Amino acid sequence: MPLHHYIEQYFQQHPQTRSKGISLENYPLEKRPKILKVENSNVEAAPQIPIRIYTPSEEENYPLFIFFHGGDFLQGNLETHDVSCRLISTLSGYKVIAVEYQAASSAIFSNSYLVTKWIVEHAKEYKGKSTNIAIGGASIGANLAAAIVLKSIKTGDFKLSKQILHYPITDISNEIKGSEYQSRELYNAKYGLDISTVENLSLYDKDEEIDYISPIKTDKKYLTKMPKTLIFTAEYDPLCDEGELYAERLKNAGVEVRLVRFDGNIHGFMQSFPGSPDYMRGYDITTEFLTDD
């Protein structure tokens, strides 16, 4: 379908954002969704990496959702995705723990893995249900989340109940022309994302972590052990094809997968266009997935 009219109008008014990206701005605190409690903290395993804990209500035990924000290293952080975490927490009843992975100057993936492992092993300290811990993220954050799940399967360190990948990078390469993913060649640098300028590999130690950085290339024997998965793609996102191919490979491996393509939309729509129909639809589907046993 055609690009949503409000998105086309935005790009006509701000042509430089087609390649540079839409600025991720946030509402003042008083205008953000209300939630019982928001706390800034860290974990002993990686104290240099901040986490932000969202508690939706007074309960004895909560399911937990570990979240990795999207955005490149210039834009994405805990603040740009604060509204997302508030909405997911209040709508689902999950205690959301957001990880500020970019605070680590090096070994970002290794430290993110340590943070996740520590949270899982200390779930009771968050009044969390150790058998109901989901993980997810947006864009490069979704890549981190998927890589963490993969490493946990290979090592046997811990087990996660679900994964949520919003418009994920599943192949860490920056290849565009001649890529096996047609959406990269069709839409790159046209609708708010230029993957050629993002240094995704800086998340990883190339020697030690090469097995984890591109989940789409994972051996089927590991994919079969992946948890129940939700994947969002957007029609005009250069990452659309690799997200959908990853969903297909998970399904072929016997994993329970829900794939939702948002036709007429672009990468990052759950942050860029609050109030639009797909914006709230994305949160509603995420909530439904988290709460569906």
Side-chain angles (χ1 to χ4, degrees), residues 29 32-47 49-70 78-79 81-101 111-138 141-142 144-153 155-166 225-232 255-258 270 280 282-293:
L29 275 174
R32 300 180 195 179
K34 303 301 180 185
I35 191 168
L36 179 66
K37 188 188 302 183
V38 178
E39 306 167 84
N40 292 313
S41 185
N42 54 32
V43 303
E44 292 179 12
I49 299 184
I51 62 172
R52 185 172 289 179
I53 306 165
Y54 297 82
T55 304
S57 59
E58 291 285 2
E59 302 289 345
E60 291 297 320
N61 295 103
Y62 304 86
L64 301 179
F65 179 45
I66 303 170
F67 179 81
F68 292 86
H69 62 76
L78 292 181
E79 272 299 294
H81 288 66
D82 181 68
V83 169
S84 289
C85 292
R86 287 169 179 260
L87 284 171
I88 291 171
S89 183
T90 54
L91 291 171
S92 69
Y94 273 64
K95 179 173 280 193
V96 174
I97 303 176
V99 181
E100 180 56 289
Y101 59 85
N111 280 294
S112 298
Y113 186 83
L114 286 176
V115 170
T116 303
K117 185 173 183 287
W118 197 95
I119 292 170
V120 173
E121 292 175 347
H122 297 80
K124 290 184 179 179
E125 296 182 20
Y126 301 98
K127 295 185 177 180
K129 300 177 181 178
S130 59
T131 58
N132 193 357
I133 303 176
I135 192 171
L144 269 177
I148 288 168
V149 173
L150 176 57
K151 184 173 181 178
S152 72
I153 289 170
T155 61
D157 284 340
F158 53 86
K159 189 173 182 179
L160 296 158
S161 59
K162 297 177 181 179
Q163 67 174 338
I164 296 174
L165 311 177
H166 292 162
K225 300 178 182 179
M226 286 284 183
K228 184 178 178 181
T229 300
L230 172 66
I231 296 177
F232 285 174
V255 178
E256 185 178 349
V257 179
R258 182 175 182 188
M270 290 177 68
M280 281 312 303
Y283 290 107
D284 287 341
I285 295 171
T286 299
T287 299
E288 178 186 321
F289 177 80
L290 283 171
T291 56
D292 182 14
D293 295 328

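Remember, it's a predicted structure, so these values are computed and weren't measured experimentally.
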Legend entry - Derivation and outcome, salt bridge (Lys or Arg N to Asp or Glu O under 4.0 Å), residues Lys95 and Glu39: CA-CA 11 Å; Lys95 179 173 280 193; Glu39 306 167 84; 5.3 Å; no

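- Two residues are said to be in side-chain contact when any heavy atoms from C-beta on lie closer than 4.5 Å; Val43 and Ile119 meet this criterion.
- The environment of CD in Glu125 is crowded: more than 12 heavy-atom neighbours from other residues, nucleotides or ligands sit within 6.0 Å.
- Residues Cys85 and Phe67 share a closest heavy-atom pair of SG-CD2, 3.6 Å.
- Closest non-hydrogen pair, Asn61 versus Gly128, comes out as ND2-O, 4.4 Å.
- Within the 4.5 Å cutoff, side-chain heavy atoms of Pro33 are placed close to those of Val83.
- Results of the side-chain contact (heavy atoms from CB on, under 4.5 Å) test with Val99 over Leu78, Ile148, Thr116, Ile66 single out Ile66 as the only residue that passes.
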Legend entry - From CA spacing to verdict: side chain to side chain contact (heavy atoms under 4.5 Å, CB included), Ile53, Val96: CA-CA 6 Å; Ile53 306 165; Val96 174; over 6 Å; no

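- Atom CD1 in Ile285 sits 13.0 Å away from atom CG in Asp292 (nearest 0.5 Å).
- Minimum heavy-atom separation, Ala142 to Leu165: O-CD2, 3.5 Å.
- Taking the ring centre of Phe289 as origin, the terminal cationic atom of Lys162 falls inside the region bounded by 6.0 Å and 45° from the ring axis.
- Taking all atoms of both residues into account, the shortest heavy-atom contact from Val120 to Leu160 is CG2-CD2, 4.0 Å.
- The shortest distance between side-chain heavy atoms of Pro56 and Ser89 falls below 4.5 Å.
- Of the possible donor and acceptor atoms, none in the side chain of Tyr283 sits under 3.5 Å from a partner among the backbone N and O of Leu91.
- Looking at residues two or more places apart in sequence or on another chain, you find a side-chain contact (heavy atoms from CB on, under 4.5 Å) between Glu59 and Ser57, Tyr62.
- A heavy-atom distance below 4.5 Å is not found between the side chains of Thr55 and Lys127.
- With a 4.5 Å cut-off on side-chain heavy atoms, Phe65 and Ser92 do not count as touching.
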Legend entry - Glu288 vs Arg258, side chain to side chain contact (heavy atoms under 4.5 Å, CB included): CA-CA, chis, key distance, verdict: CA-CA 11 Å; Glu288 178 186 321; Arg258 182 175 182 188; 3.2 Å; yes

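- If you take CD on Glu100 and OG on Ser112, they are separated by 10.0 Å, rounding to the nearest 0.5 Å.
- For the atom pair OH (Tyr54) and CD1 (Ile97), the distance works out to 11.5 Å, reported to the nearest 0.5 Å.
- Atom CD of Glu256 sits in a sparse spot, with 12 or fewer heavy atoms from other residues, nucleotides or ligands closer than 6.0 Å.
- With salt bridges taken as basic N to acidic carboxylate O contacts below 4.0 Å, none links Glu58 and Lys37.
- Remark: Thr229 engages Gln163 in a side chain to side chain donor-acceptor pair (under 3.5 Å) (not counting sequence neighbours).
- Nearest heavy-atom pair across Ile88 and Leu290 is CG2-CD1, 3.8 Å.
- The local environment of NZ in Lys228 is crowded, with over 12 non-hydrogen atoms from other residues, nucleotides or ligands closer than 6.0 Å.
- Scored by the side chain to side chain donor-acceptor pair (under 3.5 Å) test, Thr155 finds Tyr113, Asp157 as partners (sequence neighbours excluded).
- Below 30°, between 30° and 60°, or above 60°: for His69 and His81 the angle between ring planes is between 30° and 60°, a tilted geometry.
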Legend entry - side chain to side chain contact (heavy atoms under 4.5 Å, CB included) between Ile164 and His166, intermediate numbers included: CA-CA 6 Å; Ile164 296 174; His166 292 162; 3.4 Å; yes

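- To the nearest 0.5 Å, atom CD1 of residue Ile135 and atom CZ of residue Phe158 are 6.5 Å apart.
- Checked by atom type, the side-chain pair Tyr94/Thr287 shows no donor-acceptor distance below 3.5 Å.
- Electrostatic pairing of Lys129 and Glu60 does not count as a salt bridge here, judged by no charged N lying under 4.0 Å from a carboxylate O.
- Considering all non-hydrogen atoms of both residues, Ala123 and Ile133 come closest at CB-CD1, 4.0 Å.
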Inset, instruction - Please report the C-alpha distance between Asn42 and Ile49 in whole Å, then the side-chain angles of each, then the deciding distance to 0.1 Å, and finally whether the side chain to side chain contact (heavy atoms under 4.5 Å, CB included) criterion is met. - result: CA-CA 6 Å; Asn42 54 32; Ile49 299 184; over 6 Å; no

